[in-house]
Number of protein chains: 2
Amino acid sequence: MPPDPVEPDVRRRLIEVAADLLSEEGPAALSARRLARDAGTSTMAVYTHFGGMPALVRAVVAEGFQRLYDRVAAVAVTDDPVADLVASAAAYRENALADPHLYSVMFGSASLGEYRLREEELEVGLAAFAQLVALVERAMAAGAIRRGDPEPVAAQFWTALHGFVVLEIADFYSMLDDPETQVLQPMLAHLLASLS
Amino acid sequence: MPPDPVEPDVRRRLIEVAADLLSEEGPAALSARRLARDAGTSTMAVYTHFGGMPALVRAVVAEGFQRLYDRVAAVAVTDDPVADLVASAAAYRENALADPHLYSVMFGSASLGEYRLREEELEVGLAAFAQLVALVERAMAAGAIRRGDPEPVAAQFWTALHGFVVLEIADFYSMLDDPETQVLQPMLAHLLASLS
DNA sequence: GTCACTCGATAACAGCGTTATGGAGGCGCG
DNA sequence: CGCGCCTCCATAACGCTGTTATCGAGTGAC
């Protein structure tokens, strides 16, 4: 067995291989044996580092939230807070569309039953939400949005955006010609208009 | 191909037992053997009537859309179209919260990969959406909503409502005290206000 | 009666998550 | 150094999964 030139820690590699496997072949390909084989180890590595497949999936979900956070954080900050909000929403959507399987696991049935997220993983997701709260706060400070508690406002914005992304990924907009301009853009515009 | 005897409708019973199993014990309990045992038959019944577990899950999803349709259709019709819209949204949410596992399968990862819905099952879902389009049309006719193409408007309403239900089921509103009054109600109110 | 046919019961196969066992390597300490 | 310990992973097994092949019981047609 030829060992790798530089062995990064196994835990990190398992998460990345699992994310790639999920991204490229879907949740059905994310099995302990397949994962171990592709990562060049055995199934026991999953148990020594995570304790089982559900915990590994939770780690992959946390990785997904981290990537989402980074993607939104990379959006350039301008002097127009409302434009930044719209640009962040676009980045959020692009991140989801670029890896729909990962997004589905992050918010889908993976959150029920044995895959229910723990505080540790939810923390990363809440950090991503805090980005949005900060954007709303900035818009309020600039007078572009009526002042008030920014969290419920951010939650409304996120809820509408998430609903759109989920239905778009699951292909439930087949009755519409252009969901982005017919649903997403006017919906966010209406929300922002009512909030100003 | 002679018609099936209606007396012991195995196909119908499999769908109902599968829905109950999913509802009461979650997706992990929805296995061919467990399903066959609870339905008083063998696993082969799943294959003669559906062709495999993915097709059975699709049938359960169609059953879920039918129940959603019935639940929304049971909402009393008043002379206030906007109030009817809000009441229908409440019925939609109650239906989802009463059976979160089924709702998750209807819109979750079950819609990707081998569980992707076919025209046959999507038709039931589109019928439920048509209810909402009709409600919006009625509100437009009554002048409560600006006239225009009702489908995109209905899609926006549905998107926001669905986004809320998904995040509520997956317990992602832990940072809020009362998601219904802080997110759902103001969000739908803002949407309706901007549309009038 | 006999053929044709459908439906489901049984058993087998590969793959799954998980667990038990044991061996290889690194590290502290005598 | 040599020894013991302890962590990490390879191997193998257990019971489960979806699926398939086989075959028998039942039924309607002629």
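We name chains A, B, ... by the order of the sequence lines, and we start the count at 1 in each one.
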> Atom NE2 of B:H49 to atom C1' of C:dC7: distance rounded to whole Å?
Replying inline: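 So the NE2-C1' distance, B:H49 to C:dC7, works out to 7 Å.
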> CG of A:L35 versus P of D:dC9: gap in Å, rounded?
Replying inline: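 Atom CG in A:L35 sits about 12 Å away from atom P in D:dC9.
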> Which letters describe nucleotides 13-26 of chain C, given B = protein heavy atom under 4.0 Å from base, S = only from sugar-phosphate, - = neither?
Replying inline: ---BBBBB------
>> Walk me through whether A:L192 and A:F157 qualify under side-chain contact (heavy atoms from CB on, under 4.5 Å).
In response: CA-CA 8 Å; A:L192 290 173; A:F157 196 80; 4.1 Å; yes
>> Tell me which pairs pass salt bridge (charged side-chain N to carboxylate O under 4.0 Å, His left out) where either residue lies in residues 145-158 of chain B, with sequence neighbours left out.
In response: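 For residues 145-158 of chain B, and leaving out neighbouring residues, there are no salt bridge (charged side-chain N to carboxylate O under 4.0 Å, His left out) pairs at all.
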>> Is the phosphate of C:dA9 approached by B:S42 (side-chain N or O, under 4.0 Å from OP1 or OP2)?
In response: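 Answer yes for this pair, as a side-chain N or O of B:S42 is under 4.0 Å from OP1 or OP2.
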> Counting just side-chain N and O atoms, does A:T48 come under 4.0 Å of either OP1 or OP2 of D:dC9?
Replying inline: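 So the side-chain polar atoms of A:T48 do come within 4.0 Å of the phosphate oxygens OP1 or OP2 of D:dC9, strictly under.
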> Would you call A:E121-A:R116 a salt bridge at under 4.0 Å N-O?
Replying inline: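 Salt bridge: no.
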>> List the residues meeting ring pair (Phe, Tyr, Trp, His ring centres under 6.0 Å) with B:F50, not counting sequence neighbours, and say none if there are none.
In response: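 Listed in chain order: nothing, the list is empty.
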> Do the non-hydrogen side-chain atoms of B:D84 and B:V75 ever get within less than 4.5 Å of each other?
Replying inline: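 B:D84 vs B:V75: side chains apart.
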>> Are A:V61 and A:F107 packed together at the side-chain level, in the sense that at least one heavy-atom pair is separated by less than 4.5 angstrom?
In response: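 Not touching, per the 4.5 Å side-chain cut-off.
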